[in-house]
Amino acid sequence: TTDTKCHRSTEGREFWFGFMQGRNSSSNHYLEITITSREYASFSIYVGKSTTPFYSGSVSPNSTTPVSISYSAVEPAVSEQILNMGIHLVSDKPVNVYALNHDNNSSDVAVIYPVVSLGKEYYAMCYTPHVDYTNLVHGRNSEFVVVASEDSTSISITPAVSTDGLHTAGTPFSIRLNKGELYQVQSLEGDLTGSLITADKPVAVYAGSYSTTIPLQATGGWDHLYEQMPSVRTWGREYYTVPLAGRSKDYFRVMASQDKTSVIIGTNAPVILQKGKYYEFTLNVPTRIVSDKPILVSQYSQSKNNDNVTNGDGFMVILSPVSQAKNDVTFVAYQSTLMR
């Protein structure tokens, strides 16, 4: 069982986070940060190293405050360059924070973890790129982003596949970030799932895809995938899945942090995984997943063209293990007209 001191909560008073590059095919491309709270809270949002708030405001009890922010200010459009695009949010009372990257027919939201829930070791969970070479506004790279919460943070990155900046698959390379700096890594081609990120100070890591279909073979329905990665120390050994309403099935990936990890999915025979490797499968019924060593589990909604639905393209969700369960939860529901 995960040690209680490693419990991952989404509620806090200080957050460092960042956006990844999303599909930008229209004038309706925008970013939005949403703050919720159980009680009245005042907060300020800073960009990069700035000590002047980009926005200061408040949120009422059991309400939400959305804050729009220009994508040109905080959304990276390059791979493997240090950018002053990290976002810092501080509040006088505990709040929950959500980040939305929106474009017509391509949006995703990440739940943001507070600084106290950050760690020093991560594996990226992305998805296989589905590149439409006739229209590159559609699927390009799988990608992940690292944001530093402290100055002089030394970071080692071992990409699972070769990167757009020509770092070789399986070969570690190092960078140094100061707080507020952001570093995006995109694949040259292929899936960055299983890339290892380690740091000597706490960092925030986000992973997913610029825009892809789920599954890879789907004939249409490209969508941005964007989720915050939990640090390895918060992974668990027992998970429960719930099918998404109105869907024929959902895709899942389970990843190991240690060699020779045995994973049992429902009543199936064990799957043996090595560290940084994943197993992809589908489910359409509630299922228990257990392992003998810590694992990470992600759930993916199918692209609409592959699931015979009118609305609702692919998205990803990082599942919480039983050891991270909470009895009291605050959340925000976005308008369906914005999320397709």
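- Minimum heavy-atom separation, Tyr206 to Gly18: CE1-N, 3.7 Å.
- Listed for the Asn178 side chain is a donor-acceptor partner under 3.5 Å among the backbone atoms of Ser152.
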Go through the steps to decide whether Ser142 and Ser187 satisfy the test side-chain hydrogen bond (donor to acceptor under 3.5 Å, both in side chains), and finish with yes or no.
CA-CA 6 Å; Ser142 64; Ser187 60; 3.3 Å; yes
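- Between the CG atom of Leu89 and the CD1 atom of Ile45 there is a distance of 5.0 Å, given to the nearest 0.5 Å.
- In the hydrophobic cluster analysis, where Ile, Leu, Val, Met, Phe, Trp and Tyr join through side-chain heavy atoms closer than 4.5 angstrom, Leu216 is grouped apart from Tyr279.
- A donor atom on one side chain and an acceptor atom on the other are not found under 3.5 Å apart for His130 and Gln217.
- Side chains of Glu32 and His102: no donor on one and acceptor on the other come within 3.5 Å.
- Here the side chains of Asp164 and Leu188 are in contact, with some heavy-atom distance below 4.5 Å.
- A distance of 9.0 Å separates OG in Ser257 from CD1 in Ile295, rounded to the nearest 0.5 Å.
- Pro321 has its side chain out of reach of Trp235: every pair of non-hydrogen atoms, C-beta onward, lies at least 4.5 Å apart.
- At least one donor-acceptor pair closer than 3.5 Å links the side chain of Gln184 to the backbone N or O of Gln21.
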Could you go through the side-chain hydrogen bond (donor to acceptor under 3.5 Å, both in side chains) check for Ser262 and Asp292 one step at a time?
CA-CA 6 Å; Ser262 177; Asp292 62 345; 5.0 Å; no
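- Using modelled atom types, no side-chain atom of Asp92 and backbone atom of Ala41 make a donor-acceptor pair closer than 3.5 Å.
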Evaluate the side chain to side chain contact (heavy atoms under 4.5 Å, CB included) criterion for residues Ile265 and Val263: first the C-alpha distance (whole Å), next the side-chain angles of each, then the deciding distance (0.1 Å), finally the verdict.
CA-CA 6 Å; Ile265 302 163; Val263 182; 4.2 Å; yes
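- Between Thr287 and Gly266, the shortest heavy-atom distance links the atoms CG2-N, 3.5 Å.
- Side-chain contact between Val59 and Thr64 is absent, with no heavy-atom pair separated by less than 4.5 Å.
- For NZ of Lys277, the number of neighbouring non-hydrogen atoms (other residues, nucleotides, ligands) closer than 6.0 Å is 12 at most.
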Could you walk me through whether Gln228 and Tyr226 pass the side-chain hydrogen bond (donor to acceptor under 3.5 Å, both in side chains) test, one step at a time?
CA-CA 7 Å; Gln228 181 156 8; Tyr226 170 51; over 6 Å; no
Show the numbers, then the answer: is there a side-chain hydrogen bond (donor to acceptor under 3.5 Å, both in side chains) between Ser91 and Arg13?
CA-CA 5 Å; Ser91 173; Arg13 300 187 184 190; over 6 Å; no
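- Side-chain contact between Glu80 and Val78 is absent, with no heavy-atom pair separated by less than 4.5 Å.
- Contact record, Ser107 with Leu100: CB-CD1, 4.3 Å, taken as the closest heavy-atom pair.
- Residue-environment remark: NZ (Lys201) exceeds the threshold of 12 foreign heavy atoms within 6.0 Å.
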Decide yes or no on side chain to side chain contact (heavy atoms under 4.5 Å, CB included) for Tyr98 and Thr36, but give the supporting numbers first.
CA-CA 9 Å; Tyr98 309 85; Thr36 70; 3.9 Å; yes
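- A distance-only check finds no donor-acceptor pair linking the side chain of Tyr40 to the backbone of Ser37 [under 3.5 Å].
- Judged by distance alone, the side chain of Asn84 and the main-chain N or O of Lys49 form a donor-acceptor pair under 3.5 Å.
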Could you walk me through whether Phe15 and His88 pass side chain to side chain contact (heavy atoms under 4.5 Å, CB included), step by step?
CA-CA 6 Å; Phe15 302 78; His88 189 204; over 6 Å; no
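- A donor-acceptor contact under 3.5 angstrom links the side chains of Ser301 and Arg247, judged on distance only.
- Contact check for Glu189 versus Pro129: no side-chain heavy atoms found under the 4.5 Å cut-off.
- Although no hydrogens or angles enter the test, the distance criterion places no donor-acceptor pair under 3.5 Å between the side chain of Ser44 and the main chain of Val90.
- Residues Phe17 and Ile33 meet the side-chain proximity criterion, which asks for heavy atoms closer than 4.5 Å.
- Tracing side-chain contacts under 4.5 Å through hydrophobic residues (I, L, V, M, F, W, Y), one reaches Val205 starting from Ile175; they form part of the same cluster.
- Between the side chains of Tyr127 and Thr193, no donor N or O sits under 3.5 Å from an acceptor N or O.
- Side-chain polar atoms of Ser291 and Thr261 form no donor-acceptor pair below 3.5 angstrom.
- Smallest separation of non-hydrogen atoms from Val146 and Ile155: CG1-CD1, 3.8 Å.
- If you check the side chains of Arg253 and Ser298, you find no donor sitting under 3.5 Å from an acceptor.
- The main-chain N or O of Asp103 is never found under 3.5 Å from a side-chain atom of Ser106 such that the two would form a donor-acceptor pair.
- Using modelled atom types, no side-chain atom of Gln302 and backbone atom of Ser248 make a donor-acceptor pair closer than 3.5 Å.
- Aromatic ring centres of Tyr210 and His224: separated by at least 6.0 Å.
- Between Thr198 and Leu196 the shortest side-chain heavy-atom distance falls below 4.5 Å.
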For the pair Met316 and Met125, evaluate side chain to side chain contact (heavy atoms under 4.5 Å, CB included) and give the outcome as yes or no after the intermediate values.
CA-CA 10 Å; Met316 69 182 292; Met125 183 74 84; 4.2 Å; yes
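- Separating the CD atom in Glu39 from the OG atom in Ser63 is a distance of 14.0 Å, to the nearest 0.5 Å.
- Rounded to the nearest 0.5 angstrom, Glu143 CD and Ser211 OG are separated by 9.5 Å.
- Under the 4.5 Å side-chain heavy-atom criterion for ILVMFWY residues, no single connected hydrophobic cluster contains both Phe43 and Tyr46.
- Using modelled atom types, one finds no donor on one side chain facing an acceptor on the other under 3.5 Å when comparing Glu121 with Tyr123.
- Rounding to the nearest 0.5 angstrom, the gap separating the OG atom in Ser79 from the NE2 atom in His167 is 9.0 Å.
- Among all heavy-atom pairs drawn from Gly190 and Val161, the shortest one is C-CG2, 4.0 Å.
- Put simply, Ile112 and Tyr55 are part of the same group of oily side chains (I, L, V, M, F, W, Y) that touch within less than 4.5 Å, one to the next.
- Of all heavy-atom pairs spanning Ala160 and Leu192, the tightest one is CB-O, 3.8 Å.
- In this structure, the side chain of Thr163 does not engage the main chain of Gln186 through any donor-acceptor pair within 3.5 Å.
- Between Leu244 and Phe315 the shortest side-chain heavy-atom distance falls below 4.5 Å.
- No chain of hydrophobic side-chain contacts below 4.5 Å, direct or via other Ile, Leu, Val, Met, Phe, Trp or Tyr residues, connects Val242 to Val111.
- Proximity of a side-chain donor or acceptor of Ser149 to a complementary backbone N or O of Pro202 within less than 3.5 Å is detected.
- To the nearest 0.5 Å, atoms CD1 (Ile214) and CD (Glu280) are separated by 8.5 Å.
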